[in-house]
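Below: the structure, in structure tokens.
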Protein chains: 2
Amino acid sequence: MIADLVLVGFGNVARRFVHLIDERREVLQRDHDMALRIIGIATRRHGTITDPDGLDALTAARTVDAGGMLAASTDGSGAARCINTLAQNGAPLRIVVETTTLDIAAGQPAIDHVRLGLESGCHVVTANKGPAAFAYRELARIANARGLSFLFEGAVMDGVPLFNLVRETMPAVAIRGFRGVINSTTNHILSALEDGHDFHSALAEMQRQGIAEADPSLDVDGWDAAAKAAALANVFLDAGITPHDVARTGVGPECAGRARLAKAGGRRLRLVASSTRGGRPTVCLVDLPEDDPLAQLRGLSNALVLDTDTLGKVAITQMDGGLTQTAYALLSDSITVRRRTHAIA
Amino acid sequence: MIADLVLVGFGNVARRFVHLIDERREVLQRDHDMALRIIGIATRRHGTITDPDGLDALTAARTVDAGGMLAASTDGSGAARCINTLAQNGAPLRIVVETTTLDIAAGQPAIDHVRLGLESGCHVVTANKGPAAFAYRELARIANARGLSFLFEGAVMDGVPLFNLVRETMPAVAIRGFRGVINSTTNHILSALEDGHDFHSALAEMQRQGIAEADPSLDVDGWDAAAKAAALANVFLDAGITPHDVARTGVGPECAGRARLAKAGGRRLRLVASSTRGGRPTVCLVDLPEDDPLAQLRGLSNALVLDTDTLGKVAITQMDGGLTQTAYALLSDSITVRRRTHAIA
């Protein structure tokens, strides 16, 4: 079955996704009866291209890698044009893949892209935290009403299954709460501080690796973790909140003493995102005992502990993270769309 | 949709399952359009009862809890009679729930029960490790050929999703290997030994809690872990082996010195089950560095680290275990049967 895709946003994750599709073409066809065809790419700075018969996305990725333009015009209406082209074509599966960067003020323009995609009759998968963090209820309602999928596995812990874990493998289980270490930059910094290293050099290392942004304030001020906590609370605990409702702490040079003191006392200082059902989600610094599964996470490892009514506490840990994992989340969500279509056909 | 069940084996897990069905009746109907009805119970020592119109399983559970008989006759053909009754009835979903105890010689009679169920046109869910550890390929082949489900989430780490995790949430991912701490009795003993406690009192505590059997040799000789390792290798790595092909070590009083020495040196002695694709699975004692996610597991906690081609290493940890969790695995598998039927209908 052909699935036509448009890519809204064409940064590192989307470009890695293009390569991943190419690398997994045979497995997708053999195991999932699915051929992914990209018919549109909308970028903010490199122009927008569409071709209803499928375009050469690998070449487009290389062009943007090299700093080139896909098209001369960057008039700002690219996403809408792409989604419109997709909505009008006759493919059995039509998927909008949203990967614009997180806007912490209001989750835009990602929310508008998701809404437009769904209202145009297309499935939407996204690696952007914004839509689930700011507008989960509304977007899920539109998707459900139209029998469409709105999926965002990549929003938290890259491609490691969290949302799929609960939805697909824990039927008839209620989530009572969660706690997790879900921001890699601050976890790397805290790991470095407790070992006596310097805040600024630890942060610079994360920027060098492409984990932290050039403007790292979303990470170090706790906003990235707060957006993830809001998404988790909205989906698992029916919270109906935004990241601005999360009680939030960041990580700065002033944490060094506390991190070293914790380690000297057999404990670990970690930035923990947590919530219980009905409670206010928080992102705060916690001194954890060494045998806490979150205490052992160093550097780029992330983990989430789910508190469930039936299985007790279950933890899932991402030991390796990166671009490929996030790109895989988009692929995994696209396969979920395909599986559900099979169920309806 | 009505799902008719027969219970083959009626020990602690099956009796907890009967209560769980009762407790979750509304959720099952509301979220999964599923009404579970038990029409047969086959036991080895308490007789066999069948009623094609549904029987009172809660009363039966209480009878056996109190040491009573379900029926006078215990002629040994109860399982076959139950499965035959199920196969002949007209329910849209027919599921054999197999929970006899593990036989480490050859996985019997569980394998025969599973095979008979599938060949009679019924789905089979089991918490017994034997069928997947000894005969996965054959049983999966029969199930696939007939469009039936053969599911065994409870075989490893109780109801924590492992087999479902990979099958449902990691599409297009290849597993390269695994390593895990998957036997609670030996992990409790090693945790106690490193703290200077005595082997026999640690083992007695596990027996008192109902975690270890009166004859604990399956646990302490490493057979339980070997059976789980074989099941994991058969399903994830296409190994086609039995527990007797696993290189196996147990845990005894002689481990005390090594466990204390490891802890004194900032390491932990753990019984680790592992395999790589194409390699021979092993269950052996390993000195783990303290920051290894398996090193931190104490007492009844279990964890499995999956090595994947796309997501790197992903760990899932069971922080609480017990009867309810294993019983839940049977419920989760039953819901999977229902979901797949929806997909076909």
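Throughout, a chain's letter reflects where its sequence line sits, starting with A, and its residues are numbered from 1.
Side-chain contact check for Asp320(A) and Gln325(A): no donor-acceptor pair (N or O, by modelled atom type) lies under 3.5 Å. Side-chain contact, Asn183(B) with Thr186(B): a donor N or O sits under 3.5 Å from an acceptor N or O. No hydrogens or angles considered: nothing links the side chains of Thr308(A) and Arg176(A) as a donor-acceptor pair under 3.5 Å. Side-chain contact check for Asn144(B) and Arg141(B): no donor-acceptor pair (N or O, by modelled atom type) lies under 3.5 Å.
Nearest heavy-atom pair across Thr326(A) and Ala127(A) is CG2-CB, 4.0 Å. Residues Phe17(B) and Ser334(B) share a closest heavy-atom pair of CZ-OG, 4.2 Å. Between Ala259(B) and Leu190(B), the shortest heavy-atom contact is CB-O, 4.4 Å.
Comparing Asp292(A), Val173(A), Asp158(A), Leu331(A) by how many heavy-atom pairs each has under 4.5 Å with chain B, the most go to Val173(A). Between chain B and the residues Ile335(A), Leu311(A), Asn164(A), the largest count of heavy-atom pairs under 4.5 Å involves Leu311(A). For the set Glu290(B), Gln318(B), Met170(B), Glu153(B), the entry with the most heavy-atom pairs within less than 4.5 Å of chain A is Met170(B). Ranked by heavy-atom pairs under 4.5 Å with chain B, the list Met157(A), Arg298(A), Arg24(A), Arg30(A) is led by Arg24(A). Contacts with chain A were tallied for Val314(B), Thr310(B), Asp31(B); Thr310(B) has the most, counting heavy-atom pairs under 4.5 Å. Ranked by heavy-atom pairs under 4.5 Å with chain B, the first of Gly312(A), Ala172(A), Ala315(A) is Ala315(A). In terms of heavy-atom pairs under 4.5 angstrom with chain B, the leader among Ser332(A), Gly159(A), Ala303(A), Pro171(A) is Pro171(A). For the set Ile316(B), Val305(B), Thr317(B), the entry with the most heavy-atom pairs within less than 4.5 Å of chain A is Thr317(B).
Asp291(B) touches chain A through backbone and side chain together, each having a heavy atom under 4.5 Å away. The contact between Val27(B) and chain A is made entirely by side chain atoms (from C-beta outward), counting heavy-atom distances below 4.5 Å. Interface residue Glu168(B): backbone and side-chain heavy atoms are both found under 4.5 Å from chain A. Within the 4.5 angstrom heavy-atom criterion, only backbone atoms of Arg167(A) (N, CA, C, O) approach chain B.
Taking the six-membered ring wherever Trp is involved, the centroid distance between the rings of Phe178(A) and Phe236(A) does not fall below 6.0 Å.
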